[in-house]
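These notes are about the structure you will find just below.
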Amino acid sequence: MKCAALLFLLGLLSFPVMATDLPSRIEIKYAVTTDIGEGEIDEVMEIKHVDGKAHYSINSEAQATGMYKLIEPNSIMRHSEGFITKYGLRPMRAYEKRGKKQPSVAEFDWNNHIITLNHQGHHAKEKLPDGTLDRLSLSYNYMFTELPKHHVDRYVTNGHNLRLTRYTISKETLNTPIGKMETMVLTRQEEKHSKLKRKIWLALNNHMLPVRIVSVEDNGREIDKIVTEVNISYKPDH
């Protein structure tokens with residue numbers, strides 16, 4: 001654990017302020033607690049420069065550990081890819097795959113302002129509002145653009161629907177396995193009596209990396225993931 005903390009701090013010291021000098025790879029590990037067991041998540045963000053544009057891809061793999069793995073043996077794969085702009089991330093394709101089930105896929109056509117959603121054999125096209133994100137890219141978006149002072153209004157897709165979401169913004173000191181952090185907290189505003197929940201803690205002095213996420217999902221599952229390790233790498237594009 002001390003080694004993980006040291007790697008994290010070394011990464012922070014070398015993380016550039018200017019978006020023109022981006023890291024090539026960010027690896028984050030999370031410990032996961034649910035209402036029925038524990039698990040772990042490995043996330044990797046890769047950044048490449050092609051023809052003067054910064055491309056990103058994020059891969060996330062969640063799997064159960066211990067006795068919980070007997071109940072939930074399948075992993076959950078999430079992916080987002082697209083471009084980095086001065087306004088933040090601009091996804092082109094995102095998906096979520098649970099075990100052997102068909103993935104839920106969102107494809108973003110920014111030229112024609114159309115988003116195509118594929119979920120459980122259903123295929124739908126909707127108008128694509130400016131600034132739309134998938135759930136994975138939302139967690140990393142504010143590494144690359146300024147966070148508003150009071151609230152965030154964004155269209156967000158999970159691959160099978162698209163909805164306008166408001167997150168209020170607050171500050172909180174967060175204790176994590178790799179140290180205490182000052183964070184900005186995004187809390188999703190739900191309809192009255194809704195059991196859904198989502199809060200995202202972004203490390204204020206550590207480049208707005210997502211260091212904790214708490215949610216209650218559509219299936220009622222309560223999930224709390226918190227950072228246990230961060231590694232940041234740099235290398236030239238050639």
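Numbering starts at 1 and runs along the sequence shown.
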Distance (rounded to the nearest 0.5 Å) between [X] [atom1] and [Y] [atom2]:
X: R212; Y: T183; atom1: CZ; atom2: OG1; value: 9.5 Å
X: Y234; Y: I47; atom1: OH; atom2: CD1; value: 9.0 Å
X: T157; Y: L128; atom1: OG1; atom2: CG; value: 9.5 Å
X: H151; Y: Y167; atom1: NE2; atom2: OH; value: 14.5 Å
X: I115; Y: W110; atom1: CD1; atom2: CH2; value: 7.5 Å

### Message
Run the side-chain contact (heavy atoms from CB on, under 4.5 Å) test against T168 and tell me which residues pass, sequence neighbours left out.
### Response
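T187, Q189.
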### Task
Check the surroundings of atom CZ in F83: do more than 12 heavy atoms from other residues, nucleotides or ligands lie under 6.0 Å from it?
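Yes, because the 6.0 Å sphere around CZ of F83 holds more than 12 heavy atoms from other groups.
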### Query
For atom CD of E190, is the number of surrounding heavy atoms from other residues, nucleotides or ligands below 6.0 Å larger than 12?
yes
According to a 4.5 Å side-chain heavy-atom criterion applied to Ile, Leu, Val, Met, Phe, Trp and Tyr, with indirect links allowed, do [X] and [Y] form part of one hydrophobic cluster?
X: I26; Y: I84; result: yes
X: V211; Y: I178; result: yes
X: L204; Y: I232; result: yes
X: M143; Y: L174; result: yes
X: M92; Y: I58; result: no

So [Y] and [X], do their side chains get closer than 4.5 Å, heavy atoms only?
X: T165; Y: R154; answer: no
X: E40; Y: Q63; answer: yes
X: T34; Y: E222; answer: no
X: L147; Y: M208; answer: yes
X: L117; Y: H122; answer: no
X: Q102; Y: Q120; answer: no
X: R135; Y: V156; answer: yes
X: I223; Y: V214; answer: no

### Query
When you look at Y140 and M45, which way does the side chain to side chain contact (heavy atoms under 4.5 Å, CB included) test go after all the steps?
CA-CA 9 Å; Y140 291 84; M45 182 178 205; 3.9 Å; yes
Taking every non-hydrogen atom, the tightest pair across [X] and [Y]:
X: S57; Y: H79; result: CB-CE1, 4.2 Å
X: P129; Y: L162; result: CD-CD2, 3.9 Å
X: T145; Y: G88; result: CB-N, 3.8 Å
X: P148; Y: Y142; result: CD-CE2, 4.1 Å
X: L133; Y: P91; result: CD2-CD, 3.9 Å
X: T116; Y: H123; result: CG2-CE1, 3.3 Å

### Task
Please test S139 against I213 for side chain to side chain contact (heavy atoms under 4.5 Å, CB included), starting from the C-alpha separation and ending with a verdict.
CA-CA 9 Å; S139 297; I213 298 178; 3.5 Å; yes
So does [Y] get a backbone contact from the side chain of [X], meaning a donor-acceptor N/O pair under 3.5 Å?
X: N141; Y: L89; value: yes
X: N158; Y: N161; value: yes
X: T85; Y: Y87; value: yes
X: N112; Y: I114; value: no
X: S137; Y: D134; value: yes

### Message
Using a strict threshold of under 4.0 Å (side-chain N to carboxylate O), is an ion pair present between E43 and K225?
### Response
yes
Which atom pairs, donor and acceptor, lie under 3.5 Å between side-chain atoms of residues 196-203 and protein residues at least two apart or in another chain?
| from | atom 1 | to | atom 2 | distance (Å) |
| --- | --- | --- | --- | --- |
| W201 | NE1 | E172 | OE1 | 3.4 |
| W201 | NE1 | E172 | OE2 | 3.3 |

### Task
Go through the steps to decide whether S60 and L136 satisfy the test side chain to side chain contact (heavy atoms under 4.5 Å, CB included), and finish with yes or no.
CA-CA 8 Å; S60 175; L136 193 53; 4.2 Å; yes
### Message
salt bridge (charged side-chain N to carboxylate O under 4.0 Å, His left out) for E81 and K48? Distances and angles first, verdict last.
### Response
CA-CA 11 Å; E81 63 183 70; K48 296 181 180 180; over 6 Å; no
### Query
Hey, are E61 and N59 close enough side-chain-wise for a donor-acceptor pair under 3.5 Å?
no
### Task
Report yes or no: do S80 and Y95 form a side-chain donor-acceptor pair below 3.5 Å?
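No, because no side-chain N or O of S80 sits under 3.5 Å from a partner of the opposite role on Y95.
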#### Entry: Pairs meeting criterion salt bridge (charged side-chain N to carboxylate O under 4.0 Å, His left out) with involvement of residues 96-112, two or more places apart
R78-E96, R93-E107, E96-R98
### Task
Begin with the C-alpha distance, continue with both residues' side-chain angles, and end with the deciding distance and a verdict on salt bridge (charged side-chain N to carboxylate O under 4.0 Å, His left out) for R25 and E27.
CA-CA 7 Å; R25 185 179 177 91; E27 301 176 14; 2.7 Å; yes
### Task
Tell me, with the steps shown, if T33 and E38 meet side chain to side chain donor-acceptor pair (under 3.5 Å).
CA-CA 5 Å; T33 304; E38 298 180 344; 4.7 Å; no
### Task
Apply side chain to side chain contact (heavy atoms under 4.5 Å, CB included) to T173 and K180, showing your working.
CA-CA 7 Å; T173 300; K180 186 177 292 187; 3.3 Å; yes
